[in-house]
Structures are given as structure tokens and as C-alpha cells.
2 protein chains.
Amino acid sequence: MRETTLRDVAELAGVSPRTVSNVVNGYAKVTDGTRAKVERAIAELGYRPNVLARNLATGRSGQIVVVVPYLDTPYFAELLQAIIPAARKLGYNVLIDQTDGDRAHEEELIGRGSRRFLFDGMIISPLGLAQEDLSVRDPDLPLVVLGERRSDGTFDHVGIDDVAASTEAVSHLIAIGRRRIAAIGDQPYPTGEAAQLRTRGFRAAHAAAGLPVDESLIIGTARFNRIDGATAMAALLDREDPPDAVFCYSDLVASGAIHTLLGRGLRVPEDVAIIGYDDIEDGRYSQPTISTIQPDKKAIAQLAVDRLVMRIGSGGPVPGVELKVAHRLVPRQSTIGG
Amino acid sequence: MRETTLRDVAELAGVSPRTVSNVVNGYAKVTDGTRAKVERAIAELGYRPNVLARNLATGRSGQIVVVVPYLDTPYFAELLQAIIPAARKLGYNVLIDQTDGDRAHEEELIGRGSRRFLFDGMIISPLGLAQEDLSVRDPDLPLVVLGERRSDGTFDHVGIDDVAASTEAVSHLIAIGRRRIAAIGDQPYPTGEAAQLRTRGFRAAHAAAGLPVDESLIIGTARFNRIDGATAMAALLDREDPPDAVFCYSDLVASGAIHTLLGRGLRVPEDVAIIGYDDIEDGRYSQPTISTIQPDKKAIAQLAVDRLVMRIGSGGPVPGVELKVAHRLVPRQSTIGG
DNA sequence: ATAGTCCTTTGCAGCGCTGCAAACGGAACT
DNA sequence: AGTTCCGTTTGCAGCGCTGCAAAGGACTAT
């Protein structure tokens with residue numbers, strides 16, 4: 001049986017299809033009488049508007065896409081959890097894409113591919129993509145970038161102040177008396193900008209305390225995963241002068257590092273203090289609980305969606321802005337014990 | 001500037017729009033000559049097909065929706081991680097929806113709402129929805145259900161054998177010498193079917209070993225979260241006869257339970273052995289690592305997508321089937337120490 | 001040379017909706 | 001009674017593509 005259409009409803013209600021459309025969309029001035037007639041007909045026929053047709057007619061899809069490197073990384077999962085309802089509230093469906101941090105995949109998404117028609121705008125947390133790459137994108141694509149990539153003025157950027165946050169994290173380690181502090185998670189230019197900002201904070205904290213930085217204690221990792229943290233920590237422990245504290249560039253890295261430490265019979269924080277970044281739920285339950293930098297994820301999500309929807313609505317190009325949301329240091333057992 | 005259309009390409013290539021369509025879709029017999037001409041024109045104009053228009057014309061959206069209760073629950077995040085590429089490979093985009101376990105929300109999604117046009121089929125992991133509710137759904141919606149809800153014959157169901165898996169988990173606890181075994185995560189009918197199957201396995205393992213079941217050791221929880229596990233474990237420890245092992249209905253519950261145990265200075269597994277369910281990544285890195293039931297998530301994802309796409313393609317109703325995928329017991333430190 | 005065959009290409013109509021601007025009808029005013 | 005005005009309702013065209021079936025062209029068989 002055929003799906004009922006606007007025309008069917010119009011016929012039953014004795015009005016024009018256009019009027020039915022007006023009622024359905026809550027548009028314009030429709031008298032109570034006609035509205036009632038139409039609504040009765042809609043109910044009787046069980047009519048539901050065909051979104052596909054509407055999309056074609058309006059040229060908009062009512063969808064936004066959120067692109068993250070990995071869906072099963074708790075930080076991104078938690079962020080998405082916040083983005084979806086925020087977008088829904090503004091009438092947008094959320095498409096999700098994961099790129100596995102693959103640069104080509106990210107490029108394809110922001111480029112002018114055929115999928116472009118499926119979404120009205122994009123929120124992306126780039127990983128493989130370097131600053132330059134962002135310019136190859138479809139210039140008509142409303143874009144909001146999360147994380148650490150600076151805006152080039154054509155898109156918005158939402159994130160926390162990574163340098164300040166990292167400085168706080170390391171200063172905290174210094175404050176509790178640690179002097180040989182390592183950093184796990186550094187990454188080279190061009191794609192590792194998030195990492196570089198954190199390394200900068202690492203240095204800044206040392207400078208502020210008048211401490212020298214032992215460059216050999218800055219450990220690079222391919223990613224921010226548990227396994228990277230575990231491996232890097234093992235390498236640090238195999239040295240003859242292991243650190244007494246580690247600033248990990250994500251909570252997952254911290255989790256991996258702790259795993260290695262405890263596995264070797266060392267105590268956290270007594271032997272080595274650990275601080276992470278992101279405040280994922282795991283960190284609040286792991287043993288010990290993980291001190292961390294807590295970004296305001298709800299605010300990031302809300303701000304990103306608001307800005308994106310604004311861009312979509314504006315029609316033309318909108319100057320890009322840098323939006324910083326709040327963060328705070330959350331000391332837990334992995335630094336202060338207890 | 002207007003987006004270039006099929007017609008523009010046709011004009012430039014000197015063929016009919018229909019032929020361009022054929023080339024774009026890889027359809028039919030198109031001679032190499034015309035194909036070349038058309039492809040040159042496409043490249044020159046930077047043409048990309050308008051998916052919205054195609055959707056309207058074909059009446060299909062090329063999207064499937066995956067509905068999970070919580071996106072930030074690692075189990076679901078890991079499952080989605082597997083579903084997205086599987087669907088993409090078959091030409092489908094994945095829409096994601098989270099319901100917060102809200103029954104009304106789940107009902108709305110499977111009902112005949114207007115969003116129906118946005119997807120060709122649905123994979124749902126129901127939580128609030130009881131068996132009966134599944135019948136209120138849009139009968140034309142191709143549906144695959146994950147988890148524990150049995151098929152009523154109109155949709156497919158993909159999952160592991162929960163009773164068998166739970167039996168194995170508890171038998172493992174018995175095999176390592178535990179006799180006072182608790183269960184955390186039971187839930188009442190009608191929505192707690194997953195939980196009930198696990199409770200059934202709990203009983204079956206006791207029966208097989210000739211052990212009595214202490215009913216007071218079966219603890220109900222509202223959800224399968226860390227906080228539920230932590231709270232329930234605390235209650236168990238406050239009794240005068242605490243258990244020497246706990247079967248947790250999810251790894252998150254296990255994580256919470258361990259958190260409580262260690263917080264009270266108890267040792268895992270020496271004082272209390274813990275086994276979880278789901279094999280989320282956390283469990284492989286927590287301290288101690290968590291013994292668990294490992295469902296073959298890749299297989300679940302692949303099977304679910306394959307069946308769904310088959311259903312979508314079939315046009316008519318397809319008899320529902322029960323599909324069981326493999327699982328295995330993975331003993332780790334939380335039961336066998338080390 | 002002519003008819004028949006087969007395969008490529010085409011034209012038409014329409015998917016169901018909305019943008020636009022015109023038509024309509026009633027109320028208010030002269 | 002006639003005109004103007006204003007707000008509701010309507011008609012038309014078209015978003016860009018595909019399904020269908022027929023047209024066209026090349027080639028083979030008689």
C-alpha cells in the first residue's frame with residue numbers, strides 16, 4: 001500500500017496541498033478552522049511527511065555530521081553523548097563518522113564529495129589532518145573544529161586552553177614535591193598539534209618553577225591509547241634514572257602507564273605520581289583514581305552545535321572564531337594518594 | 001554559484017542525462033566511448049551526484065540507524081566501532097541514536113514516525129523496551145535486534161548465548177574453589193531480560209556443581225554501570241557473611257565492584273574473586289585485569305549488518321531468525337591472580 | 001537488399017515536497 | 001455600491017534524480 005502524501009491529505013480535507021504543507025510546518029497564517037480540518041485528515045490517514053522529499057525541495061538535509069578519529073575512545077564517546085541531544089534539540093539529526101585518524105579519510109570527508117549533500121554542516125575532531133589540509137575543504141561546508149587545531153578564519157574552533165591546562169597539570173606535580181617529571185604523548189609536527197601544546201605547557205610549568213627540563217623525559221607516542229602509555233612507561237622504568245612523576249597526555253595513556261607501574265610492583269603515587277588529561281569516566285574508578293584535567297565537555301558540545309547551526313543558518317561565510325571553554329584540574333589518588 | 005547537475009554534464013558531454021546517470025551508477029551497458037566522454041565532462045565540471053535527489057527518486061535513503069541506550073558505554077562504543085565500517089562497506093551510512101534506555105524514546109524510534117524516511121533499516125539494542133513493545137513498531141521497518149530480546153519472528157536477533165556464557169562464568173568461579181558466590185545486576189521482568197538470562201546461568205552453574213543458591217546474594221541493579229557495581233558491592237560487604245566471589249553482569253559493574261573492594265583494603269582475587277561480562281578494553285588494563293565473558297563483537301556487528309541489508313534488499317517480509325555468535329571465557333587476574 | 005535481432009541510448013513522467021507570487025475573499029472605508 | 005486593503009489560500013514550477021519502456025543504431029541472417 002502506498003504511503004499517504006500531502007496530496008491525499010489535501011483531498012480529504014478539501015484544501016490545497018500547499019495549505020497542508022503550511023499546517024504541517026506550523027507556518028504562516030492558517031485559520032483555526034482550516035488547521036483543524038487538516039489535522040483531522042492527517043490523523044485519519046496517518047500521514048507523516050516525507051523527509052526525503054522535503055530535503056530535496058529545500059536543499060537541506062537537516063543532518064549534521066560529527067567526525068571523530070575513534071568512536072571507542074571514551075573521550076570522544078562522552079563528547080558525542082553530549083553533542084547528540086544538543087543537536088537534536090535544534091532539529092538536527094547527527095550522523096557519525098570515524099576516521100581511524102586516517103588523513104585520507106578525513107580529507108575525503110571535508111572535501112567536496114558526494115556525501116556532502118547528506119549534511120548541512122560538520123563538527124570534526126581532526127587527527128591526521130594538518131593545518132594546511134583544512135584548506136582543501138569544500139568552502140561551502142559550515143565547519144566547527146574541536147580540539148587543538150587553530151582556526152584559519154573560515155571555521156570556528158572550540159576547545160580548552162591546552163597550554164594553560166597542561167601548565168596547571170605539571171605545576172600540580174611540582175607542587176606535590178616532584179622534581180623528575182616525565183611527559184608521555186608528545187607528537188611531531190604537523191599532525192601532533194594537540195601534543196605540542198601540551199608539551200609547551202610542560203615546559204612552561206618547569207620554567208615557572210625555575211626547574212630545568214630533562215628533554216629525554218619527553219616521550220613521544222603514536223597515539224593517546226592505553227597501550228602507548230603502557231609501553232612508554234616501561235621504557236621510562238628501564239632507565240637508570242626513572243621519573244618520580246609523569247604527565248600523560250590523555251587519561252588512557254595514564255591508565256596504561258599505571259598498568260605498567262603496578263605490574264612492576266611500584267606504588268602510585270608514592271613511587272611515581274601520574275596525572276592524565278580528559279577526565280574520562282574510567283579515571284574516576286580505576287585503582288588508583290586518576291588525577292586529570294577536566295574539560296567542560298557539555299560546554300564544548302553545546303558551543304560547537306550552536307555555532308554550527310548558526311553558520312548553517314547564516315547562508316554566507318561567517319568569520320571564524322576561537323572559542324575557549326573552561327577546564328579545571330581535578331586531583332585524585334594518582335597524585336595526592338589517599 | 002549553482003551546483004552542477006546531471007543535466008549540465010549531459011550537455012557538455014553531448015549525451016542525455018539518463019546516460020550520465022547510467023555512467024555515474026556504473027549501470028547497464030555503456031560503451032567505453034560514451035563512458036569516457038561522460039567521465040571527462042564529470043571531471044571538468046567537478047560534478048557530484050545529489051544524494052538527496054537520488055533518495056527521493058529511489059525512495060531509499062542509503063542510511064541505517066543504530067540505536068543504543070548509551071553511547072558512552074564502552075560496550076556499545078566498541079560495537080558501533082565495528083558496525084560503522086561494516087555498513088559503509090555495503091554502501092550504507094550509519095545514523096546513531098541513543099535512547100538513554102528510555103522506553104518512550106525507543107518506541108518512538110521503532111514506531112512509524114516521520115524520521116522513518118531517513119533510514120532503510122534499524123539495528124537496535126533495546127533496553128527499556130519489553131518484548132511486547134516491539135510489536136508496536138512500523139511493520140515495514142527492517143529490523144535487527146541485538147542483545148537478549150528474542151525474536152517474535154518478524155525481525156532477526158543477534159547475540160551470544162547468555163545462559164551458556166553466564167553458566168561458564170560462574171562455573172569458572174566454582175572451579176577456582178569459591179563457594180559463596182554473589183551476582184550483581186539482576187533486573188526484573190519485563191525489561192531486564194538480559195539480566196534474567198544471566199541469573200539463569202548463575203543458577204545453572206550452581207545446579208551443575210550441586211551447590212545451593214543463596215538467593216540473598218543475587219543483587220538487583222537499575223543499570224549495568226560502575227556506580228551500580230560499586231554500590232552493590234558495598235552492600236554485600238556490609239553483610240556479616242560477605243561472598244568470596246562475584247559474578248558481575250557487565251565489566252563496568254565489575255569495575256565498580258573492584259573499586260569498592262580495593263577501597264576497603266580487600267584483595268582481588270584473594271579475598272573476593274570478580275568476573276565480568278562484555279570484555280571491554282578497560283578490563284584488560286584495570287588493576288587487577290578483569291576476567292570476563294568475551295562476545296565476538298566483530299561477528300555480531302557483521303552479522304547484524306548483513307542480515308539487515310539482506311532484509312532491506314528483499315523488499316517483502318522475511319522470517320526472523322535467531323543468530324548466536326561465539327563467546328568465550330577469558331580468565332584474568334580478577335579470578336586467577338598473577 | 002531487407003528484415004530481424006540485440007544492445008545502447010533516450011524521453012518522459014514523476015518521486016513528494018516547498019518557494020514564490022498571484023488569486024481570492026472578506027472586511028473596512030468612501 | 002464601489003473601491004481599497006489585508007491576510008489566507010492556492011497554483012505553478014521545479015529541486016535533481018531514476019524507472020520504465022520505447023527509440024535508435026549497428027550488425028547479422030536470409
Side-chain angles (χ1 to χ4, degrees), chain A residues 1-39 41-42 45-62 91 112-118 120 140 315, chain B residues 1-39 41-42 45-62 91 112-118 120 313 315:
Chain A
M1 204 199 61
R2 219 182 87 264
E3 182 83 27
T4 59
T5 72
L6 262 193
R7 205 177 311 280
D8 300 328
V9 176
E11 206 161 313
L12 178 60
V15 298
S16 81
R18 197 62 188 76
T19 297
V20 178
S21 171
N22 284 338
V23 171
V24 168
N25 292 289
Y27 272 166
K29 285 95 216 306
V30 181
T31 50
D32 293 349
T34 31
R35 165 163 292 117
K37 265 194 307 189
V38 171
E39 280 172 349
I42 288 178
L45 296 175
Y47 168 74
R48 49 184 179 183
N50 185 324
V51 187
L52 264 32
R54 178 182 298 165
N55 287 351
L56 177 59
T58 60
R60 295 143 102 302
S61 69
R112 42 188 312 292
S114 175
R115 293 193 65 220
R116 174 64 181 86
F117 293 99
L118 288 177
D120 299 331
D140 293 330
Chain B
M1 202 198 60
R2 220 182 85 265
E3 182 84 27
T4 59
T5 72
L6 263 193
R7 205 176 312 279
D8 300 328
V9 176
E11 206 161 312
L12 178 60
V15 298
S16 81
R18 198 61 187 79
T19 298
V20 177
S21 172
N22 284 338
V23 170
V24 169
N25 292 287
Y27 273 167
K29 284 97 215 306
V30 180
T31 52
D32 293 348
T34 32
R35 163 163 294 116
K37 263 192 310 189
V38 171
E39 280 171 349
I42 287 178
L45 297 176
Y47 168 74
R48 50 184 178 182
N50 185 324
V51 187
L52 263 31
R54 178 182 296 164
N55 287 350
L56 178 60
T58 59
R60 296 143 102 300
S61 68
R112 44 189 310 292
S114 177
R115 294 193 63 219
R116 174 65 183 84
F117 293 99
L118 288 176
D120 299 331

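Keep in mind the model is a prediction, meaning the values are calculated, not measured. In what follows, chains are A, B, ... by sequence order, proteins preceding strands, each numbered from 1.
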Undergrad: Mind calculating the distance between CG (A:L52) and C1' (C:dG16) to the nearest angstrom?
TA: 10 Å

Undergrad: Once you round it to whole Å, what is the distance between C1' of D:dT18 and CG of B:N55?
TA: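 Those two atoms, CG and C1', are 12 Å apart.
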
Undergrad: Is any side-chain N or O of A:N25 closer than 4.0 Å to OP1 or OP2 of C:dT18?
TA: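 For A:N25, the contact criterion (side-chain N or O under 4.0 Å from OP1 or OP2 of C:dT18) is met.
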
Undergrad: Starting from P on C:dC15, measure out to CG on A:L6 and report it in whole angstrom.
TA: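 Nearest whole value for this atom pair: 13 Å.
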
Undergrad: Only one of A:V30, A:V38, A:V23, A:N22 clears side chain to side chain contact (heavy atoms under 4.5 Å, CB included) with A:V15; which?
TA: A:V38

Undergrad: Using heavy-atom distances to pick each residue's nearest nucleotide on DNA chain C, tell me which of B:T34 and B:T58 is more 5'.
TA: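 On the 5' side of the pair lies B:T34.
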
Undergrad: Please give, in whole Å, the distance from C:dG14 C1' to B:L56 CG?
TA: 9 Å

Undergrad: Verify, without hydrogens or angle tests, whether A:S114 (side chain) and B:R48 (backbone) share a donor-acceptor contact under 3.5 angstrom.
TA: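 It does not hold such a pair.
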
Undergrad: Roughly how far, to the nearest 0.5 Å, is NZ of B:K37 from OG1 of B:T31?
TA: 7.5 Å

Undergrad: With heavy atoms under 4.0 Å as the rule, sort B:F117 into base, sugar-phosphate or nothing.
TA: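 If one applies the 4.0 Å heavy-atom cut-off, B:F117 turns out to touch nothing in the nucleic acid.
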
Undergrad: Quickly work out the A:R7 CZ to C:dG14 C1' distance and round it to whole Å.
TA: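 A:R7 atom CZ is separated from C:dG14 atom C1' by 10 Å.
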
Undergrad: Within the 4.0 Å limit for protein heavy atoms, which parts of nucleotides 20-25 of chain D are touched? Write it as a string from 5' to 3', B for base, S for sugar-phosphate only, - for none.
TA: B-----

Undergrad: Strictly by modelled atom types, are A:N50 and A:R54 linked by a side-chain donor-acceptor pair under 3.5 Å?
TA: no

Undergrad: Please determine if a side-chain N or O atom of A:S16 lies less than 4.0 Å away from the OP1 or OP2 oxygen of D:dG11.
TA: no

Undergrad: Across the strands shown, which category fits B:P49 at heavy-atom distances under 4.0 angstrom: base, sugar-phosphate, nothing?
TA: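 Sugar-phosphate contact only.
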
Undergrad: On the nucleotide D:dT9, are OP1 or OP2 found under 4.0 Å from the side-chain N or O atoms that A:T31 carries?
TA: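 Yes.
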
Undergrad: Please report, rounded to the nearest Å, how far the P atom of D:dG11 is from the CG atom of A:N22.
TA: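 Those two atoms, CG and P, are 13 Å apart.
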
Undergrad: Grab the CG-C1' distance between B:N50 and C:dC17 for me, whole Å please.
TA: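 Atom CG in B:N50 sits about 14 Å away from atom C1' in C:dC17.
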
Undergrad: For B:E3, look at atom CD and say whether over 12 heavy atoms of other residues, nucleotides or ligands are found less than 6.0 Å away.
TA: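 Yes, because the 6.0 Å sphere around CD of B:E3 holds more than 12 heavy atoms from other groups.
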
Undergrad: Let me spell it out: for each of B:T19 and A:A57, pick the nucleotide of DNA chain C with the closest heavy atom. Which residue's pick is nearer the 5' end?
TA: B:T19

Undergrad: May I have the distance from B:E11 (atom CD) to C:dT10 (atom P), rounded to whole angstrom?
TA: 13 Å

Undergrad: Answer yes or no: is there a side-chain heavy-atom contact under 4.5 Å between A:N55 and B:L56?
TA: no

Undergrad: Looking at B:D120, is its backbone amide N or carbonyl O close enough to the side chain of B:R60 to form a donor-acceptor pair, meaning the two atoms are under 3.5 Å apart?
TA: no

Undergrad: Base, sugar-phosphate alone, or nothing: which one does B:V15 contact when heavy atoms must sit under 4.0 Å apart?
TA: sugar-phosphate

